[in-house]
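First the proteins, then the strands, lettered A, B, ... as listed; each starts at 1. The structure presented is a predicted model; accordingly, all values stated were derived computationally and were not measured. These numbers come from the heavy atoms of this one structure, side chains and all, not from hydrogens, waters or symmetry mates.
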Amino acid sequence: MTANDAIRAALGRAAERLGAPGAEVTLERPRDPAHGDLATNLALTLAKVLNAKPREVADRLVAVLDLPPGLVRKTEIAGPGFINFFLSEGELSAVLGAVLAAGPRYGRSESGQETAINVEFVSANPTGPLHVGHGRGAALGDAIASLLEWTGHAVTREFYVNDAGAQIDKLARSLWARVQQRVGRTAEVPEGGYQGDYLVELAEEILTSEGRAFADLSQDEGLRRCRAIGMRSQRAEQDEDLRAFGVKFDVVFFESELYRLGLIEQTLRHLAERGHTFEQDGALWLRATAFGDDKDRVLRKRDGTYTYLLPDIAYHRHKHERAFRYAIDVWGADHHGYVPRVRAALLALGLPEDFFEVEIVQLVRVMRGGEEVRFSKRTGDFVTLRDLFEETGVDAARYFFLMRRGDSQLVFDVDLAKSQTDENPVFYVQMAHARMSGIFRVAGRAPESVSADDVALAVLDAPEEIDLMKELAAFPGVVTRAAQEREPHRITGFLDGLARVAHAWYHKYRVLGEPPPREQGRLVLARAVRQVLANGLTLLGISAPDRM
RNA sequence: GCGCCCGUAGCUCAGGUGGAUAGAGCAGCAGCCUUCUAAGCUGUUGGUCGGAGGUUCGAAUCCUCCCGGGCGCACCA
């Protein structure tokens with residue numbers, strides 16, 4: 001147990017004694033060293049609950065605080081009611097033993113208790129290549145899934161394919177038109193169809209493999225074949241892009257499966273049985289307004305076909321049937337208006353209120369050479385995810401997508417992502433890892449051969465070394481918080497900070513060639529720093545190279 | 001018109017369940033290479049936290065209104 005954990009736990013017990021059980025205790029590292037090694041604002045947050053002045057609450061907290069002996073050399077109350085802790089000499093270095101003992105697992109926790117969570121992301125229509133927006137969703141969804149795994153949840157990464165809707169018909173008609181054009185006939189890609197060159201190429205491939213007679217098929221048969229071929233081909237390309245981007249899905253779920261299983265009808269029946277549907281103007285409606293939506297929504301149109309809402313409801317209901325406790329969907333900002341109606345429908349079905357959660361990913365603007373790279377799916381002129389990561393590398397692309405909160409718009413600077421200097425954040429972090437590795441390479445020994453046992457870690461007393469140990473100690477808490485908030489950018493932020501201190505330390509001090517006790521101590525520190533950098537990068541799906 | 005997200009240093013962004021003098025990187029300025037990677041490090045300039053009210057002992061953070069940007073408001077997906 002590190003000092004952080006011990007103090008946090010003791011504060012939790014103290015809060016309980018004051019009559020505030022379950023209080024969320026946050027320990028932070030004060031910017032100003034005069035404020036101690038660790039500090040908490042617990043008294044300030046409890047002041048309201050306990051109806052007392054913050055300083056008074058702090059006094060009472062400190063009075064009942066039962067810290068493990070020898071951990072803290074001084075506890076003080078400061079400012080409006082902060083409690084500052086000054087750790088005992090050498091106490092901080094205990095984190096090094098913890099990091100080395102846990103290794104790749106340092107930062108993981110069991111708090112999720114194997115709760116089953118479904119994380120659905122990307123879920124692009126199988127009608128064309130993935131673009132940069134999908135890439136951001138892929139990086140974010142994958143990282144959120146990893147964060148949940150790191151905190152002990154049983155996670156399923158899922159991709160949903162709309163293979164039964166109107167978009168596929170458009171794909172088929174667009175492709176068929178390209179086939180006709182290719183054999184010299186007059187044909188036009190339909191209004192709102194897919195204009196991209198990729199269908200021109202696909203049409204050519206079809207004519208090569210199937211022969212020119214393919215173009216002479218009846219319209220019905222041609223469309224049917226185009227539908228199947230087009231979807232299979234686009235799905236395959238998306239899968240290949242995602243694989244190359246380092247994202248692996250556990251489940252790819254097809255909308256057509258819902259029809260095959262009869263879940264569409266069943267869902268409709270359940271909604272009707274619960275009395276949440278009604279007929280009007282020849283259509284069947286969901287009474288969404290009874291569940292927080294601002295309009296009622298059509299489920300079955302006047303022409304007898306279903307709106308796309310119904311399959312989506314059935315799909316999420318099915319997730320619940322599949323025994324997931326939570327379903328987290330990562331959606332593009334252009335779908336945010338759709339959230340209330342799905343939520344309303346799931347409430348109408350009686351699912352738990354917290355079952356369905358949506359993380360919105362805002363749009364990505366790509367800058368190159370100081371200019372915005374315009375893209376438009378409609379005209380077929382857009383930046384594909386593959387174009388992007390082939391240019392910048394997968395590591396840089398993933399890191400850049402994860403650097404910012406999902407709900408703020410992202411400016412992706414391609415030139416920066418490609419640059420091999422300290423200005424490039426991903427490069428900077430990886431470089432810190434490589435430098436730590438380099439020490440062991442030069443020493444001619446494996447990092448794993450260094451043990452914290454029998455080493456007098458009190459030799460690690462430089463300010464930079466103290467800082468590093470505090471950073472390392474903070475990592476598990478950062479992971480927990482990032483998982484709770486579904487905010488992977490907290491990890492990139494942490495890594496950047498750790499790398500900064502690591503570079504400063506590396507630059508100022510030497511490890512190899514120091515007197516043996518000091519060399520030993522610094523090797524332990526270098527191994528721990530390397531481990532935590534690697535853990536953070538790995539969590540985000542980014543490589544941790546031993547040399548650059 | 002209504003709804004959601006955003007507006008913090010020249011630029012890109014943290015901080016946002018109210019708390020200690022508002023932070024980082026880049027750019028700018030001034031320095032640092034007998035080094036385990038200078039592919040790096042140090043110092044420094046720079047802010048009416050979009051604006052105006054309000055709640056509070058205390059507001060970048062919460063509430064109201066306004067301004068600006070983005071995205072939605074289908075019996076399309």
Side-chain angles (χ1 to χ4, degrees), chain A residues 24 26 30-32 34-35 39 41 43-45 47-48 53-54 78-82 84 125 127 162 164-170 192 255 280-285 293-295 297-309 311-312 332-341 360-363 365 367 370 400 403-413 416 419-425 427-428 430-432 434-443 464 485 487 489-490 492-493 496-497 499-500 502-514 519 522-523 526 547-548:
Chain A
E24 185 161 331
T26 56
R31 184 161 306 280
D32 186 345
H35 295 150
N41 63 351
L44 296 155
T45 58
K48 280 242 162 57
K53 289 198 171 71
F82 289 96
N84 298 332
N125 285 331
T127 52
N162 288 103
Q167 295 306 313
I168 299 295
D169 292 334
K170 275 186 195 162
E255 181 184 3
Q280 186 181 306
D281 304 331
L284 184 73
W285 298 66
D293 197 2
D294 53 4
K295 284 177 192 159
R297 305 292 176 179
V298 171
L299 296 173
R300 191 180 59 217
K301 293 180 259 180
R302 205 182 323 194
D303 66 4
T305 62
Y306 299 128
T307 59
Y308 67 113
L309 177 60
D312 277 1
D334 54 343
H335 286 83
H336 78 266
Y338 188 56
V339 177
R341 71 188 76 170
I360 293 298
V361 188
Q362 290 290 340
L363 91 154
R365 295 194 301 153
M367 304 286 287
F400 272 58
M403 264 191 320
R404 310 296 182 214
R405 303 165 52 99
D407 59 7
S408 75
Q409 297 179 10
L410 174 71
V411 176
F412 193 119
D413 184 336
L416 180 61
S419 82
Q420 308 225 323
T421 69
D422 58 317
E423 293 164 29
N424 180 348
F427 196 86
Y428 184 80
Q430 289 180 318
M431 183 64 199
R435 282 183 142 179
M436 296 303 117
S437 299
I439 295 170
F440 293 95
R441 189 168 54 246
V442 171
E464 291 82 357
E485 307 290 336
E487 292 182 339
H489 79 275
R490 291 174 183 276
T492 56
D496 193 70
R500 192 152 303 279
H503 280 303
W505 175 70
Y506 178 94
H507 184 261
K508 189 163 173 184
Y509 306 99
R510 284 193 62 83
V511 175
L512 304 178
E514 291 290 301
E519 181 183 280
R522 287 188 176 160
L523 278 170
R547 59 198 317 166
M548 302 296 287

query = When we call it a touch if two heavy atoms are under 4.0 Å apart, what does R302(A) touch: a base, just sugar-phosphate, or nothing?
reply = base

query = How far does the P atom of C13(B) sit from the matching atom of A52(B), given to the nearest Å?
reply = 25 Å

request  = Could you tell me whether K295(A) contacts a base, only the sugar-phosphate backbone, or nothing, with contacts defined as non-hydrogen atoms closer than 4.0 Å?
outcome  = sugar-phosphate

query = Going from CZ on F412(A) to CE on M403(A), what distance comes out if it is rounded to the nearest 0.5 angstrom?
reply = 7.5 Å

task = Please determine, by modelled atom types, if T127(A) and N125(A) share a side-chain donor-acceptor pair under 3.5 angstrom.
result = no

query = Which part of the nucleic acid, if any, lies within contact of A504(A), taking any heavy atom under 4.0 Å across all strands shown: a base, the sugar-phosphate backbone alone, or nothing?
reply = sugar-phosphate

message = Can you work out whether E485(A) or V511(A) has the more 5'-proximal nearest nucleotide on RNA chain B?
response = E485(A)

request  = State which of C41(B), A14(B), U37(B) makes the closest approach to the side chain of V442(A).
outcome  = U37(B)

request  = State which residue, out of Y509(A), Y428(A), F427(A), fulfils the ring pair (Phe, Tyr, Trp, His ring centres under 6.0 Å) condition with H503(A).
outcome  = Y428(A)

message = Under 4.0 Å, counting only non-hydrogen atoms across every strand here, what does Q420(A) touch: a base, just sugar-phosphate, or nothing?
response = base

ask   = Under 4.0 angstrom, heavy atoms only, what part of the nucleic acid is N41(A) near: base, sugar-phosphate, or nothing?
value = nothing

query = When the C1' atoms of G7(B) and A14(B) are considered, how many whole Å apart are they?
reply = 15 Å

message = Using the six-membered base ring of G72(B), report whether H335(A) stacks on it, requiring centroids under 5.5 Å and planes under 30° apart.
response = no

ask   = For L363(A), which contact category applies under a 4.0 Å heavy-atom criterion: base, sugar-phosphate, or nothing?
value = sugar-phosphate

Test log, rule salt bridge (Lys or Arg N to Asp or Glu O under 4.0 Å), inputs R522(A) and E519(A) = CA-CA 5 Å; R522(A) 287 188 176 160; E519(A) 181 183 280; over 6 Å; no

message = What's A526(A) touching, base or sugar-phosphate or nothing? Going by heavy atoms closer than 4.0 Å.
response = nothing

query = When we call it a touch if two heavy atoms are under 4.0 Å apart, what does N84(A) touch: a base, just sugar-phosphate, or nothing?
reply = base

task = Check step by step if side-chain contact (heavy atoms from CB on, under 4.5 Å) holds for N162(A) and I168(A).
result = CA-CA 8 Å; N162(A) 288 103; I168(A) 299 295; 6.0 Å; no

query = So, Y338(A) and G72(B): ring centres less than 5.5 Å apart, planes less than 30° off, yes or no?
reply = no

ask   = Touch check for H503(A), heavy atoms < 4.0 angstrom, all strands: base, sugar-phosphate only, or nothing?
value = sugar-phosphate

task = In whole angstrom, give me the gap between the P atoms of A27(B) and U42(B).
result = 14 Å

message = Mind checking if G493(A) touches a base, just sugar-phosphate, or nothing, with heavy atoms under 4.0 Å?
response = nothing

query = Looking for any heavy atom pair under 4.0 Å, which part of the strands does R547(A) touch: base, sugar-phosphate only, or nothing?
reply = base

ask   = When all nucleic acid strands are considered with a 4.0 Å heavy-atom cut-off, which category describes A333(A): base, sugar-phosphate, or nothing?
value = sugar-phosphate

inquiry  = By nearest heavy atom, map Y509(A) and G165(A) onto RNA chain B; which one lands nearer the 5' end?
reply    = Y509(A)

query = Looking across every strand, which nucleic acid part, if any, lies under 4.0 Å from D303(A) by heavy atom: base, sugar-phosphate, or nothing?
reply = nothing

